[in-house]
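Both counts, for ligands and for their atoms, begin at 1 and track the order of listing. Bear in mind that the values here come from a model prediction, so they are computed numbers and not experimental data.
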Amino acid sequence: MELITTVTAMVALQAQAPRPLGLVPTMGFLHDGHISLVRRARQENSTVVTSIFVNPTQFGPQEDLANYPRSTERDLEALEKEGVDIVFMPSTGEMYPAGFETHVDPGDIAIPLEGEARPGHLIGVATIVTKLFTITRPNHAYFGQKDGQQARVIQHINTDLNLGVTVAICPTVRESDGLAMSSRNSYLNNAERKSATILYRALLHAKELFNQGERDTSNIRMAMINLIEAEPTAYIDYVSIANLETLREIKRIDQTTMISLAVRIGEARLIDNLIISEMTE
Ligand code: PAF
């Protein structure tokens with residue numbers, strides 16, 4: 001496994017690497033969700049590149065950039081074990097040198113949900129993913145469905161900017177009690193960790209109502225809110241029931257729908273989602 005820290009070296013290496021090349025972008029502090037992406041990339045590509053870069057432009061001024069968890073040694077060991085060929089781990093100065101000022105704005109799809117709650121976040125994600133795509137030139141790139149709006153934003157910029165990458169959105173990996181794996185789960189103390197299952201429980205409740213025939217989104221949203229508000233340490237940021245493609249809120253579930261939510265528990269702001277459609281059981 002090669003550890004690359006400069007853009008020049010990464011560009012040179014990918015140009016000669018056996019194809020197809022699969023990219024798994026990460027911010028490090030790897031968990032089984034990331035490892036599932038790496039395994040899929042390993043199965044589908046001759047060269048696997050994983051990037052580790054805590055991207056400052058996707059954090060707001062009041063957010064957790066300085067405290068974002070890091071575990072570089074453990075991450076590198078795990079990636080080596082999974083047979084990754086190249087780890088791209090640039091410094092902030094390497095990715096954003098003096099004079100950097102271009103940003104990728106994905107448009108309407110980045111306005112609601114995380115876009116509203118975390119202004120600038122999705123522009124930061126779109127910018128860094130575009131840079132990672134142009135530096136590593138992947139044939140395939142792998143992202144988790146857990147960050148549902150991020151996944152749609154990346155598909156959207158890939159299409160709009162003709163980046164030419166096959167983007168795979170892979171299923172959310174969950175703990176045994178349903179909590180979606182996330183680096184930010186490490187902020188939770190024991191009591192908060194128990195409360196954190198409320199996100200998945202609320203999503204399952206929504207799905208159950210849907211399966212019982214409920215289609216009115218205000219009834220489903222209210223049932224989710226009531227359930228979450230009964231959990232004393234949980235504070236709702238949003239509960240959304242939106243069209244999967246546009247992420248616009250809908251009144252009735254008669255299209256492929258993403259039910260998503262952001263909830264604060266202690267220091268952690270957690271997100272999760274489920275996709276449902278008439279095919280869902
Ligand atoms: O999902 C993440 O870890 C990040 O948002 C990503 C896609 C690596 C961009 O920094």
Output the list of atoms in ligand 1 that are nearer than 4.0 Å to some heavy atom of Pro25, sorted by atom number. 8 (C)
Among all protein heavy atoms in this structure, tell me which lies nearest to atom 2 (C) of ligand 1, with the distance rounded to 0.1 Å. Gln150 NE2, 3.9 Å
As an exercise, identify every atom of ligand 1 less than 4.0 angstrom from a heavy atom of Ile128. 9 (C), 10 (O)
Show your working on ring pair (Phe, Tyr, Trp, His ring centres under 6.0 Å) between Phe29 and Tyr68 and close with a plain yes or no. CA-CA 9 Å; Phe29 204 69; Tyr68 195 80; 7.6 Å; no
If you measure from the Lys or Arg side-chain nitrogens to the Asp or Glu carboxylate oxygens, is any gap between Arg174 and Asp272 under 4.0 Å? yes
Between Arg40 and Glu44, is the closest basic N to carboxylate O distance under 4.0 Å? yes
Rounded to the nearest 0.5 Å, how far does OG1 of Thr127 lie from CG of Leu122? 10.5 Å
Salt bridge check, Asp237 against Arg264: does any charged N sit closer than 4.0 Å to a carboxylate O? yes
Starting from atom 3 (O) of ligand 1, what is the nearest protein heavy atom, named by residue and atom, and what distance separates them? Met27 CG, 3.7 Å
If we set the cut-off at 4.0 Å for heavy atoms, which region of Leu132 has an atom near ligand 1: side chain, backbone, both, or neither? neither
Which ligand 1 atoms does Gln58 reach within 4.0 Å, using its non-hydrogen atoms? 4 (C), 5 (O), 9 (C), 10 (O)
